[in-house]
Amino acid sequence: MARAGEKREAGRRTPPPGSLPGAPAVYPPPRAFAEKARFRSMDELRALWRRSLDDPDGFWGEAAGALDWIQPFDRVLEWSPPHAQWFVGGHLNASANCLDRHVAAGFGEKRAIVWEGEPYSPGRAAEERTLTYADLLAEVSRFANALRTLGVKTGDRVGIYLPLVPEAVVAMLACARLGAAHSVVFAGFSPDALRDRLSDAGVKVLVTADGAYRRGGRVPLKANADAALEGLPAVSRVVVLRRTGEKVPMKPGRDVSWDEAVRRESAVCPPVPVDAEHALFVLYTSGTTGRPKGIVHATAGYLLSCALTMRWVFDLADEDLFWCTADVGWITGHSYVVYGPLAERATVFLYEGALNWPAPDRIWDIVERRKVTTLYTAPTAIRSFIKAGDEHVTRHDLSSLRLLGSVGEPINPEAWRWYHRVVGGERCPIVDTWWQTETGAIAVSPVPGATPAKPGSATFPLPGIATEVVDAAGEPVPAGEEGRLVLSRPWPAMLRTVHGDPGRYAEEYWSEVPGKYFTGDSAKIDEDGYLWIIGRNDDVIKVSGHRLGSAEIESALVSHPAVAEAAVVARPDPDRGSAIVAFVTLKGGGRPSEPLAQALRAHVAATIGPIARPDQVRFAGVLPKTRSGKIVRRFLRDIAAGEAPHGDASTLEDLSVLSALARDEP
Ligand code: WT7
């Protein structure tokens with residue numbers, strides 16, 4: 001239901017300037033950090049960036065040496081807008097890049113994954129597992145052989161619906177080993193949402209678990225999967241990992257336990273060489289219109305950018321313990337739990353559960369006990385730590401930390417300064433990394449030993465990335481003015497298409513601003529050239545860093561028998577970035593009531609997942625529409641935020657609707 005021309009107006013949701021009395025506006029890289037960093041000077045960084053744009057073939061041709069190629073590529077880039085092919089003719093295997101080459105180089109005994117389960121009570125040892133690179137290679141090979149026995153072939157799609165356990169990484173890399181694309185679905189999604197994604201991706205085999213631990217409770221993953229697979233016979237085999245241990249029904253001929261599946265398989269499985277452009281995975285994300293879209297990433301360009309950003313942004317060192325708190329169900333988990341760190345032979349820390357379970361300091365307890373060196377998390381989490389109180393942080397020894405990261409939404413300067421002072425002890429640089437499911441890897445970020453940080457700004461584009469802030473006609477806006485953030489060059493980790501819908505790829509990303517990739521974000525560039533991301537400029541809503549589409553939530557609402565029409569908008573929220581407000585009209589005879597509002601909220605949670613539950617359902621007599629019948633969400637945003645509706649209302653069919661809605665305070 002999103003409409004072009006219904007864009008958020010400029011200049012209204014600008015982040016607070018964040019000028020605390022006496023707080024510095026610019027934070028140069030801490031000297032002790034910079035001294036040991038890979039990149040230490042802005043001049044060096046700028047030269048690298050310049051070259052990447054002036055001589056992309058030379059730059060990327062050399063950079064591609066960060067990967068192990070089975071067959072070298074012939075050409076770096078073939079660009080026939082909006083379709084790019086990178087490293088044309090090259091062959092490689094992503095799992096071999098993440099595993100075999102490190103073992104072959106003598107690092108088989110290095111820890112690849114250190115995992116901790118959620119169940120834990122203070123004073124008792126947490127559940128833990130450590131997998132070396134040699135262990136991980138053996139597990140991945142065994143599971144790849146098992147998938148092959150179950151009928152998975154190069155080019156197939158495999159669904160993964162698992163808790164954050166080492167087997168999630170094993171399953172992803174096993175797919176990559178066979179050249180089968182994985183499609184990971186976050187374990188918080190409901191059966192309906194899982195079914196839509198598996199069906200759209202054309203998944204043949206699903207990997208799931210009996211259940212998942214979450215905040216001391218259990219999520220019935222297998223029951224969810226069974227419900228999702230009703231009416232989806234195309235998924236012919238299901239592998240079930242034992243995690244919570246409860247008894248789950250197994251469908252004969254379809255279901256097999258993980259242990260059973262790997263029992264007779266060899267721990268040797270030669271990696272299948274695939275083309276550089278071969279699809280590594282499909283990952284669903286919310287768009288402006290319609291159902292979630294399957295973002296397709298190509299093997300070489302994606303993996304290379306993940307690896308290089310580990311060096312540029314995270315300044316990865318061999319002895320680091322790298323903790324990205326994202327789930328593998330999101331792009332952040334794909335790129336910075338799995339592919340980036342493992343391609344760069346890092347030791348990854350993996351934690352199964354909620355960061356504040358069973359106590360608000362679980363995260364800091366982990367950092368202290370495990371000696372985490374790099375912590376990469378989301379602003380919404382940081383704001384919740386601030387709320388919980390400094391004492392939960394300061395009672396732990398966090399001196400192992402050397403670098404902090406932020407991702408998923410704008411970080412407000414106050415939260416940035418708190419993170420810097422209380423968590424980082426004013427010793428750790430902060431990398432505010434801007435990117436998207438579609439960009440594959442970090443695109444805009446400080447380089448921590450070089451870039452002077454401004455709290456709240458993602459600073460500058462990384463090598464290979466050309467950002468511009470433009471108006472509706474595609475012309476750059478003056479410094480300090482808000483506009484649309486576009487990327488004006490193809491980059492290796494860019495999405496290649498929308499699975500099964502190439503038209504949507506061209507339409508959603510390349511037609512808003514002709515010839516340029518439209519990010520969907522609003523941004524501005526300040527007088528020093530720093531980029532400030534303001535937020536979404538479309539009908540995508542970020543709630544606690546999770547990305548949801550207005551259209552998706554609306555369609556869940558109208559699937560309820562009482563609802564006639566729905567319009568969903570975001571309302572600014574100090575803790576979670578945005579909150580979801582749904583305006584609904586009821587079918588003839590329906591009467592607004594608090595129990596019905598609760599039922600509708602629950603209905604959305606059951607249809608999509610708890611992350612999509614509206615904060616507020618507001619009943620309306622009518623919704624504001626244009627004469628052609630399109631709902632105008634712009635005014636609803638104002639009303640949801642408690643502001644007077646403003647902007648041009650001349651296209652509205654019936655102006656009195658607005659005042660009625662605004663009066664109708666909940
Ligand atoms: C959207 C992409 C890519 C990692 C996780 C989110 C917002 C992301 C930042 C940042 C301001 C940010 C943008 C973007 N976003 N990082 N550092 N500062 N906004 O991936 O779910 O595809 O969401 O997240 O609005 O478009 P995603």
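For ligands, and for the atoms within them, numbers begin at 1 and follow the listed sequence.
- Of the options D573, D575, N412, a side chain to side chain donor-acceptor pair (under 3.5 Å) to R383 is made by N412 and by none of the others.
- Annotation: ring-ring contact (aromatic ring centres under 6.0 Å, His included) contacts of F635 (sequence neighbours excluded): none.
- Checked for salt-bridge contact, R571 and D615 miss the test: no charged N lies under 4.0 Å from a carboxylate O.
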Show the distances, to 0.1 Å, for all pairs joining an N/O atom of ligand 1 and a protein N/O atom that are shorter than 3.5 Å, listing one pair per line.
| residue | atom | partner | partner atom | Å |
| --- | --- | --- | --- | --- |
| ligand 1 | 15 (N) | G408 | O | 3.3 |
| ligand 1 | 16 (N) | G408 | N | 3.1 |
| ligand 1 | 16 (N) | T433 | O | 3.4 |
| ligand 1 | 17 (N) | D432 | OD1 | 2.7 |
| ligand 1 | 17 (N) | T433 | O | 2.7 |
| ligand 1 | 18 (N) | E409 | O | 3.4 |
| ligand 1 | 19 (N) | P410 | N | 3.4 |
| ligand 1 | 21 (O) | K542 | NZ | 3.3 |
| ligand 1 | 22 (O) | T437 | N | 2.7 |
| ligand 1 | 22 (O) | T437 | OG1 | 2.5 |
| ligand 1 | 22 (O) | R547 | NH1 | 2.7 |
| ligand 1 | 23 (O) | K542 | NZ | 2.7 |
| ligand 1 | 24 (O) | G408 | O | 3.2 |
| ligand 1 | 24 (O) | K542 | NZ | 2.8 |
| ligand 1 | 25 (O) | D521 | OD1 | 2.8 |
| ligand 1 | 25 (O) | D521 | OD2 | 3.1 |
| ligand 1 | 26 (O) | Q436 | NE2 | 2.9 |
| ligand 1 | 26 (O) | D521 | OD1 | 3.0 |
| ligand 1 | 26 (O) | D521 | OD2 | 2.9 |
| ligand 1 | 26 (O) | R536 | NH1 | 2.8 |

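- Between the OG1 atom in T374 and the CZ atom in R402 there is a gap of 5.5 Å [rounded to 0.5 Å].
- Here SG of C306 is found 8.5 Å from NE2 of H297. Values are rounded to the nearest 0.5 Å.
- Only one option out of T347, L303, V169 pairs with L342 in a side-chain contact (heavy atoms from CB on, under 4.5 Å); it is V169.
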